[in-house]
Amino acid sequence: KEFLRSYDLFPGTKGCRVFEQTEGDQVRVTMLQRFREAVDHERWLKSEAFAQWEDEMARIQPTVEPVRSYAGMEALF
């Protein structure tokens, strides 16, 4: 929740949704983040808030799937 608050306060963000899928004892969390412009997303990825979140998540379990980034119309399909 703290991460979502820091995300919402970051300039250029347009909202965030978190989806959780459980299969047995495995939990998969998908986060959909929206930005006004691609440059806002790039600034977010370089921010201290994102670095702190990434460090915290890496301690829990490393990402086994790639992080995907979609822009513009490709995000709709």
Side-chain angles (χ1 to χ4, degrees):
K1 290 182 180 185
E2 183 179 326
F3 169 74
L4 295 178
R5 269 185 254 127
S6 66
Y7 171 80
D8 286 339
L9 295 174
F10 197 81
T13 59
K14 292 181 69 176
C16 180
R17 292 272 196 213
V18 178
F19 303 92
E20 190 175 296
Q21 181 181 20
T22 304
E23 293 180 19
D25 62 347
Q26 297 288 320
V27 177
R28 177 181 178 180
V29 176
T30 301
M31 184 177 296
L32 176 64
Q33 298 172 307
R34 295 178 56 219
F35 298 88
R36 287 190 180 97
E37 303 283 337
V39 69
D40 296 321
H41 180 237
E42 292 166 14
R43 278 196 344 259
W44 167 249
L45 293 176
K46 295 176 184 175
S47 73
E48 183 64 30
F50 180 76
Q52 289 174 353
W53 176 77
E54 199 170 36
D55 287 344
E56 185 175 322
M57 296 312 296
R59 280 186 244 132
I60 295 171
Q61 181 175 341
T63 301
V64 293
E65 295 183 27
V67 174
R68 295 181 181 96
S69 178
Y70 300 97
M73 292 300 292
E74 69 181 338
L76 298 175
F77 302 100

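Since we're looking at a predicted model, the values are computed, not measured.
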Note: L45 and F50 closest approach over all heavy atoms is O-CD2, 3.4 Å
Look at the rings of F10 and W44 and say which category their plane angle falls in: under 30° parallel, 30 to 60° tilted, over 60° perpendicular.
-> perpendicular
Distance-only, no hydrogens or angles: does the D40 side chain make a donor-acceptor pair with backbone N or O of E37 under 3.5 Å?
-> yes
Please report the shortest heavy-atom distance between T13 and D8, naming the atom on each side.
-> OG1-O, 3.6 Å
Would you confirm whether R43, through its side chain, and G12, through its main-chain N or O, come within 3.5 Å as a donor-acceptor pair?
-> no
